[in-house]
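Atoms within a ligand are numbered from 1 in the order they appear, just like the ligands themselves.
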Amino acid sequence: MIQVRYSTSPTSAETSTTAELRDNFLVQDLFVDGEVRATYTHEDRMVIGGAVPSVGELELPAYADVLGTESHLEGRELGIINVGGPGHVLVDGEKFELEHLDGLYAGRGSEVTFAGAEAAYYFVSASAHATYPASHLSHDQIEPVALGSSDSANERNLFRYVWGQEVETSVLQFGVTVIANGSVWNTFPPHLHARRTEIYCYVDLAEEDRVFHFMGQPGATRHLVMKNREAVIAPPWSIHAGAGTGSYAFIWAMAGENNCYTDLAPVAVEDL
Ligand SMILES: O=C[C@H](O)[C@@H](O)CC(=O)C(=O)O
């Protein structure tokens, strides 16, 4: 099952009701036992999804009626993060073991199968113009970048899995940020990046907690109240930041014409 979301204008976000904002930007219910679920957004034509193999194996669906190809990755590349327990993913038959928060990149033209009774896989695909080899990304082997401080309640570690350096891709970038205990803010102060969409998926959040995710143009922000394992689409004109009522992490994934990780524009707090 795949949903389709259309591009939206910045001004429409200012006049949207809460329900309209949630319909356009929030992605829920991606993780269902025994299923692959996905959403296609026209914002940089990204697909985000969840695969919960349970006792079987799940193939990445082609979604031919939406993607127009016989195989999902015929013209796309894929990033995967395991947000559940241990499992493995097959890429063209090659087996990659993924522990919690381990990642995997699968290149254009690959066939992907998800497995693992305790595993739950978040994935993002984007249009790709070239083919690159699969790459396993062990969370424990990625050097974190320490950001923020406890005084600002935004202390966090940023793990850059795919960001235009070690792992070569066409356009896709993704990683994980883990908020330090006692801190609440992510991506604060916020930023914008022209010509690139970013999608966040909040994880490791207790069922009773929520993340207040902030979006929109500076000076016209709105918020979405989000639960564990829910995702949110940030078009290039939208800030993307949040504050949680408990500890959490999130997966960030980006695609678009601008695939220079450092090509972004900070937004000063006083300009929000
Ligand atoms: O640019 C990609 C993502 O927005 C991260 O760099 C930001 C982030 O995880 C954070 O500051 O908490």
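Regarding atom 6 (O) of ligand 1, its nearest protein heavy-atom neighbour is Tyr261 OH, 2.8 Å. Atom 3 (C) of ligand 1 has Glu198 OE2, 2.9 Å as its closest protein atom, hydrogens excluded (heavy atom only).
Only the side chain of His191 comes within 4.0 Å of ligand 1, judged by heavy-atom distances. Contacts with ligand 1 closer than 4.0 Å are made by no heavy atom of Phe188, backbone or side chain. With a heavy-atom cut-off of 4.0 Å, Arg156 touches ligand 1 through its side chain alone. By the criterion of a heavy-atom distance under 4.0 Å, the side chain of Leu158, and not its backbone, is placed next to ligand 1. Contact annotation for Tyr200 and ligand 1: only side-chain heavy atoms (C-beta onward) come within less than 4.0 Å of the ligand.
At a 4.0 Å cut-off, not a single heavy atom of Arg160 sits close enough to ligand 1 to count as contact.
When ring centroids are compared, His193 and His240 come within the 6.0 Å threshold. Here the two rings, on Phe96 and His88, have centers that are 6.0 Å apart or farther.
Annotation: side chain of Ile239 is in contact with side chain of Leu192 (closest heavy-atom distance under 4.5 Å).
Polar contact with ligand 1: present for Thr177 (N/O pair, distance under 3.5 Å).
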Item checked: Worked check of side-chain hydrogen bond (donor to acceptor under 3.5 Å, both in side chains) between Tyr161 and Ser135 -> CA-CA 10 Å; Tyr161 288 38; Ser135 183; over 6 Å; no
Margin query: Val171 vs Glu77, test: side chain to side chain contact (heavy atoms under 4.5 Å, CB included). Steps then yes/no.
Written below: CA-CA 9 Å; Val171 296; Glu77 58 189 357; 3.7 Å; yes
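Close contacts between ligand 1 and Thr187 involve ligand atoms 7 (C), 8 (C), 10 (C), 11 (O), 12 (O) [criterion: under 4.0 Å to a heavy atom]. The distance from ligand 1 to the heavy atoms of Trp252 drops below 4.0 Å at these ligand atoms: 2 (C), 3 (C), 9 (O).
The aromatic rings of His223 and Phe214 lie tilted to each other, with the angle between the two planes from 30° to 60°.
Under the rule for a salt bridge (Lys or Arg N to Asp or Glu O under 4.0 Å), Asp23 has no partner lying at least two apart in sequence or in another chain. Scored by the ring pair (Phe, Tyr, Trp, His ring centres under 6.0 Å) test, Tyr202 finds His213, Tyr248, Phe250 as partners (sequence neighbours excluded).
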